[in-house]
Amino acid sequence: MTDTRPRLAHTAELDARTRFAAKTLLHEVFEGDMTEEDWDHALGGVHALVWEGEELIGHASVVQRQMVHAGGGGGGMGRP
C-alpha cells in the first residue's frame with residue numbers, strides 16, 4: 001500500500017519539482033480555468049501535499065492575508 005498521508009510545507013520549502021507538480025495538478029483540476037494570478041495567490045503560506053508514489057494527487061494551501069478597512073482602528077475582529 002502506498003503512503004498517501006498529507007505532508008505540510010511552507011512555500012519556501014517547496015522544491016521546483018513540487019511547485020511544478022502542484023501547479024500542473026491545479027491546471028488539470030480547474031480544466032485550464034486558472035490564471036497565473038490564481039497561482040500567485042496559492043503561494044506564500046502552508047501547503048498540504050498528498051503524493052501517491054511519484055504523482056501529486058492532492059494539494060491545498062492556506063495563505064495568511066491582512067485586511068485593511070478604511071477608518072478602522074486596525075485591531076481586527078471588530079476591535080478598535
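This structure is a prediction, so every number in the text was calculated from the model and none was measured.
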Value for CG (Leu56) from CZ (Arg17), rounded to nearest 0.5 Å, stands at 8.5 Å

So OG1 of Thr24 and NE2 of His59: to nearest 0.5 Å the spacing works out to 11.5 Å

Cluster membership besides Val62, Ile/Leu/Val/Met/Phe/Trp/Tyr side chains within less than 4.5 angstrom, sorted by chain and number, is none

Given 3.5 Å as the limit, does a donor-acceptor pair link the side chain of Ser61 with the main chain of Ala42, or not?
yes

In terms of heavy-atom contacts, Arg19 and Leu14 come closest through NH1-O, 2.5 Å

When every non-hydrogen atom of Val50 is compared with those of Thr4, the smallest separation belongs to CG1-O, 3.1 Å

Under 3.5 Å, is there a donor-acceptor pair between the side chain of Glu13 and the main chain of His10?
yes

Show me the donor-acceptor pairs within less than 3.5 Å that the side chains of residues 26-35 make with the rest of the protein, sequence neighbours left out.
from: Thr35; atom 1: OG1; to: Glu37; atom 2: N; distance (Å): 3.3
from: Thr35; atom 1: OG1; to: Asp38; atom 2: N; distance (Å): 3.0
from: Thr35; atom 1: OG1; to: Asp38; atom 2: OD2; distance (Å): 3.2

Tightest non-hydrogen contact, residues His41 and Arg65, listed as O-NH2, 3.3 Å

